[in-house]
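Order of the sequence lines fixes the chain letters, A, B, ..., with proteins taken first and strands second; residue numbering starts at 1 for each chain.
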2 protein chains.
Amino acid sequence: MNQLDDALQQADQASTRAGLKLTPKRRHLFSLLLASDTPLSAYELADRFKDSFGQAIPAMSVYRMLDFLTENNLAHKLTSENKFVSCAHSTCNHAHQVPQFLICERCHQVKEVGIKKEVFDALRESVDSAGYSLREAQLELKCLCAACAEATE
Amino acid sequence: MNQLDDALQQADQASTRAGLKLTPKRRHLFSLLLASDTPLSAYELADRFKDSFGQAIPAMSVYRMLDFLTENNLAHKLTSENKFVSCAHSTCNHAHQVPQFLICERCHQVKEVGIKKEVFDALRESVDSAGYSLREAQLELKCLCAACAEATE
DNA sequence: AAGATAAATGATATGATATATCATTAATTA
DNA sequence: TAATTAATGATATATCATATCATTTATCTT
């Protein structure tokens, strides 16, 4: 079984456990995100959905399904790009951490890594010392991936 | 002289030194950002521009002026909000640091603090260890400000 | 199983954000 | 002062996102 099917199967199981309704369409949308090596916009997803599923789907529905996926940590929205990616932890049992996205400026691939505890602590400390309380953090960092860094030299 | 005028004057001087053309319209747009206690969208700025300057201005021009302001570190774009704020350091001689924005979820006020060296180092280290190289960081953190945290309790 | 209820999706319209492009005006410079 | 460049205007359109009401599908209750 390939990686994608494996990931989907794990999402199925996780959804069942959590009592979530990963409907065929939501599942298919999720598979499109899983299969993509770059983030996709809602409209790009609608196009791919039609191409691969043979059925046109309104943008409204795509946004709703993306809401479902992001609310249930199967996907994330990259606010700096207005695009969506599958969650790197959707297929494992890792507790969901503060996500940190390394976005390659050149090839647009994204790597999601969990934020390190020391970074988080330092961040929270700096927020506290400004008199604020942290509610939610999602770090999006503009980077070059190794391949692109090499190509750019 | 009030704070706003003072800030503008410092921006004038800094622009002159740097050979930037802070035209009357750019300057006025900047003053709108300085005067606002919350981030503003380009279209909100266009409205305020008309209201306060007596002259309608096309959205395109607002975006161009915002490009100028952001490129020259007089303003920042908050990508998670699609809104713009004046730079907290536009009026001082601080070297421009990696900005960290504390955005109050409730009242939408934003506090810009410089990222602490330890946070930055830890961040860079985590990026490096993922095989990426950091190009640009702008942290946008969803928080509650002190006043709103109290009101919410 | 039948009907009631709720959840998901479709259809349509529209709002909000942003950029492309060419024309015009203003500033700079040769 | 003419030539050139930079800034802004005008217009159109692309792109991202949500509001709202209708319809279909799933789930629950009896």
Original post:
dA19(D) base to Y63(A) side chain: any donor-acceptor pair below 3.5 Å?
Top reply: no
Subject >> For atom CD of E81(B) and atom C1' of dA17(D), their distance in whole Å >> reply: 15 Å
**OP:** Any chance you could lay out the side-chain contact (heavy atoms from CB on, under 4.5 Å) test for Y43(B) and V62(B), step after step, and finish with the verdict?
**Re:** CA-CA 8 Å; Y43(B) 285 83; V62(B) 174; over 6 Å; no
Original post:
Along nucleotides 20-30 of chain C, 5' to 3', which nucleotides get a B, which get an S, and which get a -, given that the test is a protein heavy-atom distance under 4.0 Å?
Top reply: BB---------
Original post:
Is there a side-chain polar atom (N or O) of K77(B) under 4.0 Å from OP1 or OP2 of dT17(C)?
Top reply: no
**OP:** Nearest whole angstrom, please: distance from the P of dA8(C) to the CG of L69(A).
**Re:** 12 Å
Subject >> Over all atoms of both residues, closest heavy-atom pair of L144(B) and A149(B) >> reply: CD1-CA, 4.0 Å
Original post:
Given that Y43(B) and K25(B) both sit by DNA chain D, which one's nearest nucleotide is further toward the 5' end?
Top reply: K25(B)
Original post:
Do D121(A) and K116(A) sit within salt-bridge range, that is, some charged N less than 4.0 Å from a carboxylate O?
Top reply: no
Original post:
With a 6.0 Å cut-off on ring centres, are H76(B) and F84(B) close enough?
Top reply: no
Original post:
If Ile, Leu, Val, Met, Phe, Trp and Tyr residues are connected whenever their side-chain heavy atoms lie under 4.5 Å apart, and connections chain through other members, are V85(A) and L22(A) in the same group?
Top reply: no
**OP:** Please report, rounded to the nearest Å, how far the P atom of dT17(C) is from the CG atom of L40(B).
**Re:** 11 Å
**OP:** Take the protein atom CD of E44(B) and the nucleotide atom P of dG15(C), then report the distance between them rounded to whole Å.
**Re:** 16 Å
**OP:** Given side-chain contact (heavy atoms from CB on, under 4.5 Å), test K142(B) with S80(B) step by step and report yes or no.
**Re:** CA-CA 10 Å; K142(B) 291 288 192 305; S80(B) 61; 3.7 Å; yes
**OP:** Specify the residue among F68(B) and N82(B) whose closest nucleotide of DNA chain D lies further upstream toward the 5′ end.
**Re:** F68(B)
**OP:** Find the distance N72(A):CG to dA7(C):P and express it as a whole number of Å.
**Re:** 14 Å
Original post:
Expressed in angstrom and rounded to an integer, what is the separation of M65(A) atom CE from dA7(C) atom C1'?
Top reply: 13 Å
Original post:
dA10(D) C1' sits how many Å from I57(B) CD1, rounded?
Top reply: 13 Å
Subject >> Whole-Å distance separating the NE2 atom of H28(A) from the C1' atom of dA8(C) >> reply: 17 Å
**OP:** Give a yes/no on whether any side-chain N or O of T23(A) is located under 4.0 angstrom from OP1 or OP2 of dA8(C).
**Re:** no
**OP:** Please identify each residue that fulfils salt bridge (Lys or Arg N to Asp or Glu O under 4.0 Å) with K83(A), with sequence neighbours left out.
**Re:** none
